[in-house]
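Quick caveat, the model's predicted, so the values are computed rather than measured. Reckoned from all heavy atoms, side chains included, excluding hydrogens, waters and symmetry mates.
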Amino acid sequence: MDMHTVVVGTSGTTADDVVAVARQGARVELSAAAVDALRAARETVDALAAKPEPVYGVSTGFGALASRHISPGLRAQLQRNIVRSHAAGMGPHVEREVVRALMFLRLKTLASGHTGVRPGVAQTMADVLNAGITPVVHEYGSLGCSGDLAPLSHCALTLMGEGDAEGPDGIVRPAGELLAAHGITPVELREKEGLALLNGTDGMLGMLVMALADLKNLYTSADITAALSLEALLGTDRVLAPELHAIRPHPGQGVSADNMLRVLAGSGLTGRHSDITSDAPRVQDAYSVRCAPQVNGAGRDTLTHGALVAARELASAVDNPVVLPDGRVESNGNFHGAPVAYVLDFLAIVAADLGSITERRTDRLLDKNRSHGLPPFLADDAGVDSGLMIAQYTQAALVSELKRLAVPASVDSIPSSAMQEDHVSMGWSAARKLRTAVTGLARIVAVELYAATRAVELRAAQGLTPAPASQAAIAALRAAGVQGPGPDRFLAPDLDAADTFVREGRLLAAVESVTGPLA
């Protein structure tokens with residue numbers, strides 16, 4: 001576990017803190033102000049619970065059963081029962097980092113002082129995170145409204161010492177055993193607390209935050225691989241000139257063009273259209289080469305919008321009902337996942353399109369009729385071996401999957417809770433498919449990297465001088481053990497290793513050692 005500590009206060013959290021807790025095992029700690037806010041809100045809930053008038057979430061049932069007034073003797077049972085009944089997920093276990101993000105973000109809302117739970121409930125959630133205990137959460141069970149109910153319920157079940165959880169050793173055990181082993185006392189829920197643990201967009205938000213972090217790396221990596229392909233195809237870098245992008249001032253487009261231009265600085269391969277005697281002279285490069293900044297840049301601008309929505313949600317207190325500063329406890333609809341769901345779907349669309357244009361450049365590198373002097377399929381001995389023919393097949397299959405994943409989840413809605421919850425966001429589903437899309441996109445970019453570096457090496461063998469940044473990328477890739485075919489051997493394409501090289505940021509680090517920081 002990372003000894004870095006994230007302090008949770010009353011005003012939300014940051015994307016960096018989410019990633020630190022979810023992926024790096026950072027410890028969490030409640031601020032003194034958060035504890036004070038929790039205590040004050042609880043006093044409000046206790047006062048309302050003592051009154052004869054029914055208050056939703058405090059002394060009533062839930063959803064379509066909200067009209068029933070619950071007597072004081074049954075309220076603790078009510079809170080336990082809502083957790084148990086809502087922990088109805090099915091399917092494969094959700095990834096550890098997703099569950100940690102889910103719990104941390106729920107803790108963020110609890111710490112706001114708007115939920116009415118006791119400080120001890122929030123502290124127990126922090127203790128579970130710090131112990132490395134991860135509740136078993138299942139793939140299916142959330143409609144994204146009223147929040148991620150089933151996933152959050154499975155987390156709440158762990159706080160109660162029930163259900164199953166994964167220990168820090170990765171072994172799944174009964175949650176009660178894990179809590180006892182770490183000296184954590186299970187929570188005995190009181191009025192409002194069961195409901196407060198379940199009503200939030202925390203799962204979809206956590207997956208959005210992590211997807212944005214991954215996509216930022218992938219978009220910069222895609223700028224690099226697009227530049228490598230342009231270089232290998234002897235394309236022109238004149239289309240990357242700042243003055244051309246200034247007259248269409250989309251910010252992301254300008255950033256992508258600048259990244260590509262910096263990668264290509266000092267190249268002896270670019271702008272050699274007239275030197276290719278085997279082809280008719282080229283006036284322009286193909287769209288997949290020439291329009292890379294426009295497509296990559298539009299995706300970058302979408303990431304910027306996604307980060308804006310995520311920042312707003314990270315600053316939010318999402319619960320129903322909420323405790324307001326003036327002492328009122330009010331029902332609301334802030335648990336609806338639409339703002340997050342739309343962005344998740346939009347990001348899946350741009351991931352599919354980036355994958356599509358990336359694959360088109362790979363195909364061009366492999367086609368001897370369009371590669372301007374490169375061997376068929378970049379093979380060492382075409383016919384004796386097939387080169388990277390099937391690597392492109394794999395890439396095409398991934399692109400096809402990303403196109404299917406780009407179909408929006410948020411346009412769907414299936415009414416639930418006896419028509420009380422008659423419009424839902426499907427944000428959890430949007431987040432789950434985006435995670436799959438991000439994984440696929442990394443693989444697609446890795447295939448282009450594998451092909452483009454091979455092609456640039458072949459150009460160097462023809463006596464041309466690649467850009468220093470390209471040489472650095474190739475050297476780092478080869479040092480990582482990712483080898484291409486050579487005259488004395490034929491190796492199966494090591495695409496998984498290239499994928500790891502991209503996802504871990506090693507491509508970016510190698511290029512930035514020459515170019516300086518890229519955006």
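No side-chain heavy atom of Leu78 sits less than 4.5 Å from a side-chain heavy atom of Leu189. For the pair Val399/Arg443, no side-chain contact is recorded, criterion being any heavy-atom separation below 4.5 Å from C-beta on. Using a 4.5 Å cut-off on side-chain heavy atoms (C-beta onward), His69 and Pro52 make no contact. Residues Val83 and His154 fail the side-chain proximity criterion, which asks for heavy atoms closer than 4.5 Å. With a 4.5 Å cut-off on side-chain heavy atoms, Leu314 and Val209 count as touching. Residues Arg100 and Met103 have side chains not in contact (no heavy-atom distance under 4.5 Å, counting atoms from C-beta outward).
Under the 3.5 Å distance criterion, the side-chain polar atoms of Ser112 are left unmatched by any main-chain donor or acceptor of Lys108. Under the 3.5 Å distance criterion, the side-chain polar atoms of Ser413 are matched with a main-chain donor or acceptor of Val424. With Arg75 contributing its side chain and Ile70 its backbone, the two residues share a donor-acceptor pair below 3.5 Å. The main-chain N or O of Val322 is never found under 3.5 Å from a side-chain atom of Asn334 such that the two would form a donor-acceptor pair. Formation of a donor-acceptor pair under 3.5 Å by the Arg106 side chain with backbone atoms of Asp202 is not found in this model. With hydrogens and angles disregarded, a donor-acceptor distance shorter than 3.5 Å links the side chain of Tyr450 to the backbone of Gln483.
Summarising the geometry of Gly9 relative to Ser31, their closest heavy-atom pair is CA-OG, 3.5 Å, with the distance given to 0.1 Å. When all heavy atoms of Gly481 and Asp494 are compared, the pair lying nearest together is O-OD2, 4.2 Å. A pairwise comparison of heavy atoms in Gly327 and Thr44 identifies O-CG2, 3.2 Å as the closest pair. When all heavy atoms of Val19 and Ala213 are compared, the closest pair comes out as CG2-CB, 4.5 Å. Between Leu179 and Thr158, the shortest heavy-atom distance links the atoms CD1-O, 3.2 Å.
We find that Asp214 and Arg23 are joined by a salt bridge, their nearest charged nitrogen and carboxylate oxygen being less than 4.0 Å apart.
Heavy atoms of other residues, nucleotides or ligands lying less than 6.0 angstrom from CZ of Phe335 number more than 12. No more than 12 heavy atoms of other residues, nucleotides or ligands sit less than 6.0 Å from atom CZ of Arg68.
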Going through the distances and angles, do Ile414 and Asp412 end up as a side-chain contact (heavy atoms from CB on, under 4.5 Å)?
CA-CA 7 Å; Ile414 298 179; Asp412 188 23; 4.2 Å; yes
side-chain hydrogen bond (donor to acceptor under 3.5 Å, both in side chains) between Gln392 and Thr362: does it pass, once the steps are laid out?
CA-CA 7 Å; Gln392 185 265 332; Thr362 303; over 6 Å; no
I'd like a table of donor-acceptor pairs (distance under 3.5 Å, sequence neighbours excluded) in which one partner is a side-chain atom from residues 113-121, with atom names and distances.
unit_1, atom_1, unit_2, atom_2, d
His114, ND1, Val323, O, 2.8
Arg118, NE, Glu193, OE1, 3.4
Arg118, NE, Glu193, OE2, 2.7
Arg118, NH2, Glu188, O, 2.7
Arg118, NH2, Glu193, OE1, 2.8

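Between His336 and His423, the two ring planes are parallel [angle under 30°; tilted spans 30° to 60°].
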